[in-house]
Structures are given as C-alpha cells and as structure tokens.
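Worksheet: the structure to be examined is printed underneath.
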Amino acid sequence: MERLILFVYQNRAFFTFLFLELFCAWLIVQNNAYQGSKFFNSSNGLVAAMNSFSQGVRDYFMLTEVNRTLSEENALLKRKLNLQPIAVALPNNTILRDSSEIGQYEYFSAKVVNNHVDMVKNFITINKGREDGIEPGMAVVSPLGVVGKVKLVSNHYGVVTSILHVDVMVSAVLKRTEHVGTIQWNGKNPDQVEFNYIPPHVQPTVGDTVVTSGYNAVFPEGVMIGVISSVDLNKDALFYDIKVRLSQDFRKLSWVTVVKNNRGPEQDSLEQVIQKLER
Amino acid sequence: MSRNIILSVISFFIYLLYQVLILQNVVLFHTAFCFLYVAYLLLLPVESNPLTMMAIGFVMGLSVDMFYDSVGLHAFACVLIMYLRNYWLNNLTPQGGYNTNDAPSVSLNGLQWFTVYATPLVFIHHAALFFAEIGGFSMFWFTLWKIITSTLFTLVVILIAQFLFPGRRSR
C-alpha cells in the first residue's frame, strides 16, 4: 500500500494529466448529448453579457441588412393583410380551415448575442431564456429561413443548436413534388446543406425550393430552408446527392424568432405510446 | 515574485479577452482559425511546476470553451500541450541551460529556436482540438487541412505578437 502511494506520488504529474484529460473527455461527451452540460456554456450570465457587448459592435455593420430584411417582411405581411381581409392567415401561408388550429404556435422575438459558423458543431446564443418562456426543444427561425432548435436555457439566455451542426437532422420536403427527405450539414461550407433520401424516381431540378415538412413536433410546416443548388445521381446509388443553398446567410444572423408549438408535447407523447405498443 | 504572479494573472485575462472578443470573429476562408491564447501557455516560465501548469491550461481552456460553446474541447487540448511542454523543453535546452524565471520566448533564444519550440506544440493543440471536435477521424483530410492552415495562422500571429511586445513576460 505504501509503495502504491509512493508510486502515485512519484508520477503525480502523469496521474493529474490523466485525471484532467478524462474529466475533459467526460465533459465533451456529456455536451454532445441532447441536453448538454448545464454550467460551462454561453448561457452563463457573465459570458453572455460579454458576448452581447461584442455582438453589439458587430451589429453596427449589419444594420443595413437587418433593416432591409425587416422592411421586406413588413411589406409581405401588409400584402397578406390586404389579400385576406377576413380569413386569418397562418404563418405558413395557408388559409385557416379549422378553428382548432388557432393558437397552435406562439412566437417570441430574440436577439442573437453569439454565433458561430466555422466549427463542425455550431451553436447560437440568444438573449431570451426561461423567464421569457423559452424552453429546450423549441424551434428557432428567422424571416429568411430555418435557424435551429433551442438546446438549453438559463434564466435570461438560451443556447440554440444551429442547423450548421453535423449531428442535426431536419425533416424537409421538396415543395414542388412534395417528396420528404432529410436536411443535414456536412461540416464544410456554411452556405450549403445536404438534402438526403430523395429516391431516383423523383425529378428534382436546380432552383427547386425546400421547406420544412412539419413531421416532427418542432418546426412548423412550410418554413423556408433554401433552394437546390446542385443535383447528382451516381450510378447504382439509392438516393440523389442534392445540395441546398440556405436562404438564411448564417453569418448575418441578427434577430431570430423562437417558435413554441403548443401541441408539441401532446404529439410527442402520443407517438411514444404507439412506439411502446409496437415494441 | 508576487509581481510576476500579478503580471501573469493580468496577461491571462488580456489573452482570454482578446481571444473571445476579437479573434473569435477572425476565421480565414472558413478553415484557418487563430487561437492566440495558446501563446500565453507557451510563454509561461520554464521551470514552473507541471501540476500548476496543467491547472492553468485547464482553467484557460475551460474559459475559452464557455465562449465557444464547446465544453471541454479547448481544455482537453490545453492540458495535453501543458503536459508535453516540459518534456519538449528539456529536449531543446540551450547551451547555458534555462534560468528559473525565463519565459521561452523569441527574445530569450531567438526566432529559430522559438519556431522549433512552438510549432509542434501548436500543431498538437490544434490536432487534438479539431479531431476531438468532430469526434473521430471521419473527414480526416478536411480536418487535417484545417489543422495545418490554423497552425500556420496561429504561429504567424504569435510571432507578430512577440515582435510587437518583446520580452513582456521574460522578467
């Protein structure tokens, strides 16, 4: 026993090294999980305050862009109001047929305080948190398209998993032919994502629009993702290789909208019951 | 002695803030990152206690991680190079040996010696960082390209900083 203690003491540098590295590895693995680590992230008050300051400087350079997007969105909304003076317009552009669909989605505006596009797993920090009604699992969109999904929240800040994250998959639909596939980023070009699982009998063309499908309980149906920029079909391949150019430039993200699906938990729990029964 | 410690603490925060407020936004061509805070770790006095150095590396890495939302990644890479640093320094001992409070900088032993000292450590730091980030060796060539370009970028910036503030930490 004494010799063991002596051995550990003599090699204390190595054992400290081992301990610290294992601890870091544990943190990394834990952070990759759905919920993530609770303390060491940018929703921490001090870190987020400093990030807001830094983003404040960056915002000055994006003001023109933000103004343009806002005025365009305003114009679009006004046009819709004129076109449909009586019918209630839903966010996804369809006219309301069923009164039970009223109030399915709630919208919160939030400001981006920190944003990455160059890592392999990118996260965005926003300035709304638990006290503003934000919960993990809510969808985040911008006027131009899909942004991501809330990963975790502190009292006043939230961390969003961007769709520029190699492990994130979003159910999407080819708007023209209504075929459903999956959007996933390959970790390289922040302008472009891959649209997978479209079988060869479909004929996608460059310029086709890809929107969210609404099959999962997170994103509303019909939110813009982007347009197809290239289509390849290898010989003997089961699916197309489709690249989609994102409609939202993630480097210019400034204001986003957090979407709360009031029916989400209901849909999830119902689907879980079915999955349990089948098993 | 205590003056050195105070200076070290101050420069810790300078490097940290410079990294997370400014260099966080500087990424060339979506591939070349600049992690200047590594210079702080490389320039710690030569004969520091290895336990202290790993602790400093861990704290520095974790602080940077909080801003990058990448818990543990930078800490992992920093502890690794802090552990390897002493062995590497022993291999590179100049003729007269080191003095206790020497910082292994350009002003101490010249540009060539410093490049030989810093390059492998920066490379190992970046390699550990990027491979741990992607969680394995998928996309190996793309990641390797990222590591090489980032190493070059970081090294150039470290050298520029050395010439701008020569001997700042060498007392």
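Letters A, B, ... are given to chains in the order of the sequence lines, protein chains preceding strands, and every chain is numbered from 1.
The shortest side-chain heavy-atom distance between A:Cys24 and B:Phe58 falls under the 4.5 Å cut-off.
Around NZ of A:Lys111, the count of heavy atoms belonging to other residues, nucleotides or ligands within 6.0 Å exceeds 12. Counted within 6.0 Å of CZ on A:Phe19, heavy atoms from surrounding residues, nucleotides or ligands total 12 or fewer; the atom is thus considered open. Counting non-hydrogen atoms of neighbouring residues, nucleotides and ligands closer than 6.0 angstrom, the CZ atom of A:Arg130 exceeds 12 such neighbours. Crowding of B:Phe13 atom CZ: a count of heavy atoms from other residues, nucleotides or ligands under 6.0 Å not exceeding 12. Within a 6.0 Å radius of CZ in A:Phe239, more than 12 heavy atoms belonging to other residues, nucleotides or ligands are found. Within 6.0 Å of atom CZ in B:Phe12, more than 12 heavy atoms from other residues, nucleotides or ligands are found, so the atom counts as buried in its surroundings.
Contacts between A:Asn186 and chain B at a heavy-atom distance below 4.5 Å involve the backbone alone (N, CA, C, O). For a residue to count as touching a neighbouring chain, one of its non-hydrogen atoms must lie under 4.5 Å from one of that chain's; by this rule B:Phe130 does not touch chain A. For a residue to count as touching a neighbouring chain, one of its non-hydrogen atoms must lie under 4.5 Å from one of that chain's; by this rule A:Arg251 touches chain B with the side chain only.
To the nearest 0.5 Å, atoms CG (A:Asp118) and CZ (B:Phe29) are separated by 12.0 Å. Within the model, atoms CE of B:Met54 and CZ of A:Phe14 stand 10.0 Å from one another, a figure rounded to the nearest 0.5 Å.
Ranked by heavy-atom pairs shorter than 4.5 Å toward chain A, the options B:Leu21, B:Leu51, B:Ile22 are led by B:Leu51. Between chain B and the options A:Val117, A:Val120, A:Val166, A:Asn115, heavy-atom pairs under 4.5 Å are most frequent for A:Val120.
Shown here for A:Met119 and B:Glu133, the closest heavy-atom pair between the two residues is CB-OE2, 2.9 Å. Considering all non-hydrogen atoms of both residues, A:His116 and B:Tyr68 come closest at CE1-CA, 3.6 Å.
Sorted by first and then second residue, the side-chain hydrogen bond (donor to acceptor under 3.5 Å, both in side chains) pairs with a member in residues 141-153 of chain B form an empty list; sequence neighbours excluded.
Near-neighbour residues of residues 76-87 of chain B relative to chain A, defined by a heavy atom under 4.5 Å from a heavy atom of that chain, comprise B:Phe76, B:Val79, B:Leu80, B:Tyr83.
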